[in-house]
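Input: a single structure, listed below in structure tokens.
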Amino acid sequence: MQWRVGVVYFLQGQRDGVIYHQNDGYFYHKHHDLDRPDNPFITLRCIKRKSLTSPCWGLAVMSRDGSHFECTRHHTHPPDVWNIEERFLRQSLINAVSSGDPQPFSVIIRNVGMRGGFSFEARSRLTLARMRTALTDERMRLLPPIPNTLFELATYLNDPLFANVTPTIDNTDNIFAGACGDFGAGTFSVVFMSRRQATHLANAIVIFADGTFKKKPKKPRCGQMFVISYVWYNEQTTCKHIVTCARILMQCRTTEAYIELLQYLRAILPGWNPQTIMADHELAQVHAWMHVFPNANITTCLFHFEVVSHLPVSAVYSTADKIVY
């Protein structure tokens with residue numbers, strides 16, 4: 001935002017600062033160390049005084065009513081005629097991110113610069129490398145605080161205020177499918193699955209299920225990330241592909257937690273009735289599949305069998321599965 005008082009233009013800068021100029025390509029900040037209430041003039045210094053490559057020691061004075069402006073020490077750099085346009089472009093980019101635009105920063109920078117009619121010189125200055133930190137900080141302001149528990153995570157995601165957190169890239173779907181279980185009993189789970197993924201999984205005949213620990217977040221605390229995939233047959237290429245449809249953060253890895261999760265998935269996936277289910281050698285998970293889908297053919301993964309075949313039974317089926325996070 002820019003306004004004028006007398007012969008001086010005022011430009012709203014970053015971090016609530018004010019920039020003074022006369023449309024001549026030189027810009028100033030107030031010299032607070034020399035600002036005294038009894039002085040009718042305000043001392044200004046060049047905004048490039050802290051430049052690491054070529055600091056400028058230019059100074060100017062202006063009357064408090066803006067009727068007089070005079071440069072008292074010459075600048076060591078040529079006038080910057082694109083500075084104002086660059087600042088307006090920067091503010092336009094920040095406004096686009098703060099409005100909830102989910103697109104990558106590179107796309108936002110290109111679209112705002114081109115559609116806003118900004119010059120090539122201004123656009124060439126605000127590169128992705130230069131704007132990434134400012135845009136990331138602005139986008140983080142739209143996000144809720146990092147939750148400590150899965151219950152807090154589900155509370156945030158159910159809040160309409162944070163509806164912009166989990167949309168798909170095309171902004172036509174949402175990957176948050178809900179939460180289930182009892183947090184007090186240690187059976188709580190948060191399900192991430194878009195409606196399109198749910199449609200594919202509901203029609204899946206062969207599915208794969210496995211838990212991973214390397215990808216689980218440090219916050220919120222959870223027992224594992226449970227992944228469900230299915231076999232997709234591409235009729236055009238006649239190839240089969242393994243496609244992940246659901247990712248679930250689970251509080252615990254007990255049989256009760258798996259049963260509540262699978263029953264919840266069956267409730268939100270009408271007609272879901274897989275014929276073949278391949279799981280790892282986790283006993284609690286296998287028992288849950290058998291309980292919810294008694295007619296399905298449940299097999300175990302050969303890779304996981306090779307991993308655990310040399311371990312003692314006490315190490316494979318340990319009490320770690322019952323730890324509640």
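Residue numbers start at 1 and run along the sequence shown.
Going from atom SG of Cys222 over to atom NZ of Lys216 covers 5.5 Å, rounded to the nearest 0.5 Å. Going from atom CD1 of Ile94 over to atom CD of Glu138 covers 6.0 Å, rounded to the nearest 0.5 Å. Residue Ile277 holds its CD1 atom at 9.0 Å from OG1 of Thr299, rounded to the nearest 0.5 Å.
Considering only heavy atoms from C-beta on, Leu150 stays 4.5 Å or farther from Arg221 through its side chain. A 4.5 Å side-chain heavy-atom check between Ile228 and Leu201 finds at least one atom pair inside the cut-off. In this structure, Phe208 and Val231 have side chains that are in contact, with non-hydrogen atoms separated by less than 4.5 Å. In this structure, Pro217 and Leu249 have side chains that are in contact, with non-hydrogen atoms separated by less than 4.5 Å. In this structure, the side chains of Met193 and Arg247 stay at 4.5 Å or more apart for every pair of heavy atoms. With contacts defined as side-chain heavy-atom distances shorter than 4.5 Å, the pair Phe192/Val190 qualifies. Between Leu93 and Leu135 the shortest side-chain heavy-atom distance falls below 4.5 Å. Residues Trp57 and His75 have side chains not in contact (no heavy-atom distance under 4.5 Å, counting atoms from C-beta outward).
The 12-atom threshold is not exceeded at CZ of Phe120, counting heavy atoms of other residues, nucleotides or ligands nearer than 6.0 Å. A 6.0 Å sphere centred on CD1 of Ile205 holds no more than 12 heavy atoms belonging to other residues, nucleotides or ligands. Counted within 6.0 Å of CD1 on Ile146, heavy atoms from surrounding residues, nucleotides or ligands total 12 or fewer; the atom is thus considered open. Under a cut-off of 6.0 angstrom, the local environment of CE in Met225 is crowded, with over 12 non-hydrogen atoms contributed by other residues, nucleotides or ligands.
When atom types are taken as modelled, the side chain of Arg64 and the backbone of Asn39 share a donor-acceptor pair closer than 3.5 angstrom. A distance-only check finds no donor-acceptor pair linking the side chain of Arg266 to the backbone of Asn273 [under 3.5 Å]. Between the side chain of Asp173 and the backbone N or O of Arg195 there is at least one donor-acceptor pair closer than 3.5 Å. No donor-acceptor pair closer than 3.5 Å links the side chain of Asn171 to the backbone N or O of Pro167. Between the Gln251 side chain and the Phe188 main chain, a donor and an acceptor come within less than 3.5 Å of each other. Counting only distance, with no hydrogens or angles, the side chain of Thr43 and the backbone of His31 share no donor-acceptor pair below 3.5 Å.
The two atoms that bring Ser189 and Met250 nearest to each other are OG-CG, 3.6 Å, heavy atoms only. What you find for Arg139 and Pro102 is that their closest heavy atoms are NH2-C, 3.9 Å. In this structure, Ala154 and Ala179 approach most closely via the heavy-atom pair CB-CB, 3.9 Å. Considering every non-hydrogen atom in both Thr127 and Ser124, the closest pair reads CG2-O, 3.4 Å. Here the closest non-hydrogen pair linking Pro78 and Tyr26 is C-OH, 3.8 Å. In plain terms, the two heavy atoms of Leu89 and Ala122 that are nearest each other are CD2-O, 3.7 Å.
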For Glu85 and Arg90, run salt bridge (Lys or Arg N to Asp or Glu O under 4.0 Å): C-alpha distance rounded to whole Å, both residues' side-chain angles, the deciding distance at 0.1 Å, then the answer. CA-CA 9 Å; Glu85 186 178 3; Arg90 179 188 178 89; over 6 Å; no

Candidate pair Glu256 and Thr187, rule side chain to side chain donor-acceptor pair (under 3.5 Å), full reasoning: CA-CA 7 Å; Glu256 293 77 12; Thr187 61; over 6 Å; no

Apply side chain to side chain donor-acceptor pair (under 3.5 Å) to the pair Asp280 and Gln285, showing each step before the final yes or no. CA-CA 8 Å; Asp280 57 19; Gln285 182 194 153; 3.1 Å; yes

Would Phe27 and Lys48 count as a side-chain contact (heavy atoms from CB on, under 4.5 Å) here? Give the steps. CA-CA 8 Å; Phe27 302 86; Lys48 293 189 177 183; over 6 Å; no

Please evaluate residues Ser99 and Asp101 with respect to the criterion side chain to side chain donor-acceptor pair (under 3.5 Å), reporting the C-alpha separation (whole Å), side-chain torsions for both, the decisive distance (0.1 Å), and the verdict. CA-CA 6 Å; Ser99 65; Asp101 191 340; 5.8 Å; no

Could you walk me through whether Arg132 and Asp137 satisfy the salt bridge (Lys or Arg N to Asp or Glu O under 4.0 Å) test, starting with their C-alpha distance in whole Å, then the side-chain angles of each, then the deciding distance to 0.1 Å, before giving a yes or no? CA-CA 9 Å; Arg132 189 191 304 274; Asp137 292 343; over 6 Å; no

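Aromatic rings of Trp82 and Phe88 (six-membered ring for Trp) have centroids beyond the 6.0 Å cut-off, not under it. For His287 and Tyr258, the gap between ring centers reaches or exceeds 6.0 Å.
One hydrophobic cluster, built from ILVMFWY side chains closer than 4.5 Å, holds both Tyr156 and Phe176. The hydrophobic clustering, which links ILVMFWY residues whose side-chain heavy atoms are closer than 4.5 Å, places Leu142 and Val112 apart. Neither Phe105 nor Val107 shares a network with the other; the hydrophobic side chains, linked directly or stepwise wherever heavy atoms of I, L, V, M, F, W or Y lie under 4.5 Å apart, form separate groups for each. By the rule that hydrophobic residues join a cluster once side-chain heavy atoms approach within less than 4.5 Å of another member, Tyr264 and Trp272 end up as members of one cluster. Ile169 and Val165 fall into different hydrophobic clusters, defined by Ile, Leu, Val, Met, Phe, Trp and Tyr side-chain heavy atoms under 4.5 Å apart, directly or through other members.
Relative orientation of the Phe183 and Phe151 rings is tilted, given thresholds of 30° and 60° on the angle between their planes.
In summary, the side chains of Thr244 and Ser229 do present a donor paired with an acceptor at a separation below 3.5 Å, with no hydrogens or angles considered.
The pair Asp170-Arg196 meets the salt-bridge criterion, since a charged nitrogen lies less than 4.0 angstrom from a carboxylate oxygen.
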